[in-house]
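Read the structure below first, then the notes.
In what follows, every heavy atom counts, from backbone to side chain, and hydrogens, waters and symmetry copies are set aside. Nothing here was measured: the structure is a model prediction, and the numbers come from that model.
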Amino acid sequence: TKLPLKNSEYTLSTKLESEILNKNFIGIDRFRRVEFDRDWGLTTTQNNYLGQEDLNITGAISFDKNVYNQIGYTGNYRKKVETIEGFQHQLDIAKTLGFIQVSANAFFMDGSLPVGNSTWRKLNGEGYIRGKIQPGYRYKLEHNTTLSSVTDSIIASQNYFEEHQFFIRSNFASKTNFEVIYGHRFDKLPQSGELKEGTEAETITGKFSTQINQSHSIKLVLNYRNLVNKLQPSPNLQSVTGRIDWSGEIIPNVLRNELNYSIANARVPKREYVFVEVPTGEGTHTWRDDNEDGIKDLDEFYEAFNYDERRYIKIYVQTNEYVDAYNSRFNYQLNIKFPKSWQSASGLKKMIGRISNTTAWTTQYSTTEDDLTARLLPFITKIDTSQLLSAQESFRTNLFLNRNDPRFGLTLGYLNRTRKTLYANGFEGRVDEEYSSTVRWNVKRQYQFTINGIWANRFNSSDYLEG
């Protein structure tokens, strides 16, 4: 309920609700937020499942003026048979103090689990100077521990960190927005029944977004992180990630394009695969003893087309060997659709109005190249194949005639897809090329004829035995 307060700009709001799920309840879709069970200290490995009686009681009270001035409290009690019993308390505060805006969210949970007692402590506080340019400070804390009911030692922790952030940003109401954030975070991990210093990380993040002529949108995010592992002495892990998104209409209501480009670096494991025999017909490959030595070499397995040859499946496994990789992903999509009013015209204009097209080009590369251009733009740069870990490229275009016409339509498509992956024993490559066509014709409401045609060429290669 909401009740305006006399002689005050604030409104009083209250809430009281209860929820009971009996043991026969079966959910057909998600009906709670993703973090619901996590905030009760539960994980997927614990005794947490439907089929037990679950009681939830929630009460709340708040005083609100606007989003910048409010205070509210929410309390929860939960009792789920053989799973959890406990209380949650949440306090939300926001206040404008002259030219300074402050806000804070605090969360506390104490619960009893079958294995012990779980606690959550969360705090997110922020303060900044109001204006077109807003410098500020943000503090984050999340402490979760589960103590054994037998030994009173820490047996689990979903998160245990605190972080300091200093930022400067533009006003959110601006047409062009930016934000620069420096963060310093400290994490602890459970070790031998107690918490010990785990990692320390420093991050610098930059964000930028703008609208151009109301038809073009540009967003940019860059992030640098330096991570120190205090449990296992090793070189600092430095990573850089970035992403740019651009969408806009080149010709209003006719030609629209979208571009997404992202980069990242990381340490990745090399991969290898093995072939495992399965019941006949359930596999994807067949073995042919080409050198007649009785040994199942990797280059002696082929894709099977006949049912009685499908006796092996390919299973990928990770190795203990890691390499530094520079990853990039590029995606560009172009859509052509002429104004609907052209379909009511006559002559050539009417014919063109029935045509539309969708074209997409996607690339994804992972390389150990030293050359900066090859790292950032591998899809237009010549790359040393010995430095390539994996590469995927896909070009797809579809031409439509009467795409939305319920009576008759024609679709012509072309797809070219290439893939190259590094395994422990060498490279594997694959090229797929397809031409497709679809004709549909609704003679009457009860009858529809559809004719599909496809021509495909697939090529596989590998260098496992070279050298």
Side-chain angles (χ1 to χ4, degrees), residues 15-27 30-61 72-93 104-125 139-164 184-201 227-233:
K15 180 179 73 171
L16 180 63
E17 64 180 27
S18 64
E19 174 191 271
I20 300 177
L21 305 180
N22 65 32
K23 62 181 181 180
N24 297 317
F25 174 80
I26 299 176
R30 181 181 294 278
F31 59 97
R32 289 170 172 165
R33 57 188 177 86
V34 176
E35 299 282 315
F36 180 81
D37 282 321
R38 182 176 181 271
D39 285 344
W40 284 105
L42 299 172
T43 67
T44 56
T45 58
Q46 292 173 320
N47 183 23
N48 177 33
Y49 53 86
L50 297 175
Q52 300 285 6
E53 186 176 281
D54 192 357
L55 169 65
N56 288 271
I57 300 176
T58 301
I61 183 172
Y73 166 80
T74 302
N76 293 277
Y77 169 74
R78 185 184 186 191
K79 183 177 182 180
K80 186 174 182 180
V81 176
E82 299 179 359
T83 304
I84 177 70
E85 181 176 9
F87 291 89
Q88 289 180 347
H89 307 275
Q90 183 168 330
L91 182 65
D92 302 294
I93 300 174
N105 312 101
F107 175 84
F108 305 88
M109 190 282 294
D110 292 280
S112 177
L113 308 177
V115 295
N117 297 317
S118 180
T119 62
W120 261 111
R121 302 290 183 264
K122 297 184 184 181
L123 178 61
N124 190 346
Y139 177 76
K140 293 182 178 181
L141 176 146
E142 285 195 22
H143 287 178
N144 169 243
T145 57
T146 300
L147 299 178
S148 171
S149 57
V150 179
T151 62
D152 201 33
S153 59
I154 297 175
I155 57 176
S157 176
Q158 300 187 57
N159 239 351
Y160 203 100
F161 76 88
E162 62 176 316
E163 182 177 14
H164 304 272
H184 200 174
R185 172 167 164 162
F186 306 87
D187 284 74
K188 291 185 177 182
L189 298 171
Q191 298 287 319
S192 302
E194 57 184 27
L195 288 170
K196 294 184 178 180
E197 292 185 352
T199 60
E200 179 181 347
L227 180 69
V228 180
N229 190 336
K230 295 190 173 183
L231 288 178
Q232 299 177 350

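The ring-ring contact (aromatic ring centres under 6.0 Å, His included) check on Tyr77 picks up Phe87, with sequence neighbours excluded. Among residues two or more places apart in sequence or in another chain, the side-chain hydrogen bond (donor to acceptor under 3.5 Å, both in side chains) test is passed with Glu142 by Asn159.
Around atom CD of Glu197, no more than 12 heavy atoms belonging to other residues, nucleotides or ligands sit under 6.0 Å away.
Put simply, the side chain of Glu200 reaches to within 4.5 Å of the side chain of Lys230, judged on heavy atoms. Residues Met109 and Ser118 form a side-chain contact, since some pair of their non-hydrogen atoms from C-beta on lies under 4.5 Å apart. Between Thr83 and Leu42 there is a side-chain heavy-atom pair separated by less than 4.5 Å. Side-chain contact between Lys23 and Gln52: absent, with no pair of heavy atoms (C-beta onward) separated by less than 4.5 Å.
Asn124 and Asn105 share no side-chain donor-acceptor pair at under 3.5 Å. Between the side chains of Asn76 and Thr58, a donor-acceptor pair is found at a separation under 3.5 Å.
Remark: aromatic rings of His164 and Tyr139 are close, center separation under 6.0 Å. Aromatic ring centroids of His143 and Tyr160 lie under 6.0 Å apart. Between Phe31 and Phe36, the ring center distance fails the sub-6.0 Å criterion.
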key: side chain to side chain donor-acceptor pair (under 3.5 Å) between Ser157 and Thr145, intermediate numbers included   = CA-CA 5 Å; Ser157 176; Thr145 57; over 6 Å; no
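Remark: Lys15 NZ to Glu17 CD distance equals 4.5 Å, nearest 0.5 Å.
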